[in-house]
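Here the structure comes first, spelled out in structure tokens, and everything after it is commentary.
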Amino acid sequence: MRVLRSAVTGVGGYLPQNVMTNDDLAKMVDTSDEWIVERTGIRQRHVIAKDQKTSDLAAEAARIALERAGKTAADVDLIIVATTTPDMPFPATASIVQRKLGIAPGPAFDVQAVCSGFVYALSVADGFVARGMAKCALIIGAEAMTQLLDYTDRGTCILFGDGAGAVVLEPVEGQGDNSDTGILGFDLQCDGTKTELLYVDGGTFGEGNRIGKVRMQGNQVFKHAVHKISQAIESAVEKADLTIGDIDWFIPHQANQRILNGVAERLGLEEHKVVSTVAFHANTSAASIPLAWFTAVEDGRIKPGDVVLIEALGGGLTWGAAAIRL
Ligand code: UT7
């Protein structure tokens with residue numbers, strides 16, 4: 001049976017220039033490079049400039065993704081931005097990206113599922129593309145998480161960084177089986193009874209500044225992470241009619257190296273198949289998966305035909321996974 005699938009045809013990424021190291025943080029809070037590296041794997045993070053906004057990072061990543069896909073702004077007919085840190089409460093960051101890139105009118109909106117935002121956004125876009133409703137969709141994860149940090153709280157301020165990643169999705173015909181190119185299966189979840197484990201404690205904006213700050217019961221989130229992520233992966237892989245052995249590249253949300261290792265070990269994923277950028281990017285929330293993806297495409301690891309598995313867990317709690325053949 002011939003079916004339409006959503007194929008990833010270009011990947012882009014952008015990191016703001018400013019870098020903050022663990023030693024820089026140790027001058028602000030009671031922490032150390034040794035503790036942060038041992039407990040999280042993070043060595044540095046990029047920090048958005050004062051004159052930059054989330055939409056600027058998003059637009060840069062999107063430009064590269066379009067270029068890699070051999071497309072121009074004129075081709076784009078759907079924009080979805082996954083972000084927890086929109087430029088403003090409204091309009092959606094996707095609207096601002098549309099204007100910045102000179103894209104013609106068409107659907108553009110944001111998805112808010114915190115660190116799982118990119119997995120959610122990709123799945124939503126699959127609904128458009130695989131039904132023939134979009135021919136060139138831009139899916140962007142973009143975050144300015146450092147603007148939500150309380151730099152007196154060492155349990156959270158060491159974890160996050162800023163950046164953006166983007167993919168282009170285009171329709172491609174398939175046979176309806178697991179040899180098809182494109183998104184083959186996904187699983188999305190939310191448990192709203194656990195909102196208090198990870199949230200922002202106030203309004204997002206005020207006089208150009210963000211008011212609320214990230215609050216997290218880190219060890220509680222950690223406890224849920226490996227178990228819930230593994231379940232979502234198993235479900236996504238099953239829906240794709242694949243097995244864990246079929247996965248060429250595991251591109252997890254870059255929250256903590258210990259979580260990445262825990263999931264890989266539990267599922268029997270070999271270490272060399274795990275794409276990890278957590279040391280250099282830290283946790284960029286919805287941007288972390290496409291940024292890691294971009295890194296591994298650009299350095300030549302990920303190639304056409306490979307099967308990629310993405311997963312994330314974040315505030316909500318939300319979590320999810322998707323299996324994609326390139
Ligand atoms: O992307 C969204 C999802 N988020 C996550 O997945 C994050 C999940 N959680 C984590 O990554 C980890 O829980 C953290 C890295 C946040 C913390 O690591 P942990 O091993 O769970 O440490 P903990 O919170 O249980 O704290 C252990 C100790 C405490 O001291 P005491 O009470 O044992 O004396 C903390 O006060 O480590 C202390 N501590 C620190 N020490 C130095 C906490 N943060 C720091 C720090 N530097 N930055």
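As the structure lists them, so they are numbered: ligands from 1, and atoms in each ligand from 1.
Between the side chains of Thr152 and Asp150, at least one donor N or O sits under 3.5 Å from an acceptor N or O. Inspection of the Gln257 and Ser276 side chains reveals an N or O donor paired with an N or O acceptor under 3.5 Å.
Listed by chain and number, Asp30, Thr31, Trp35, Arg39, Thr40, Cys115, Arg154, Gly155, Ile158, Leu159, Leu198, Met216, Gly218, Asn219, Val221, Phe222, His253, Ala255, Asn256, Arg258, Ile259, Asn283, Leu313 each place a non-hydrogen atom less than 4.0 angstrom from ligand 1.
Not a single salt bridge (Lys or Arg N to Asp or Glu O under 4.0 Å) links Lys50 to another residue, sequence neighbours left out. With sequence neighbours left out, Glu173 forms a salt bridge (Lys or Arg N to Asp or Glu O under 4.0 Å) with Arg2.
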Below 3.5 Å, can you tabulate the donor-acceptor pairs from side chains in residues 319-326 to any protein atom, sequence neighbours excluded?
unit_1, atom_1, unit_2, atom_2, d
Arg325, NE, Asn178, O, 3.3
Arg325, NE, Asp180, O, 3.3
Arg325, NH2, Asn178, O, 2.7

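Between Trp293 and Phe118, the ring-plane angle classifies as perpendicular under the 30° and 60° cut-offs.
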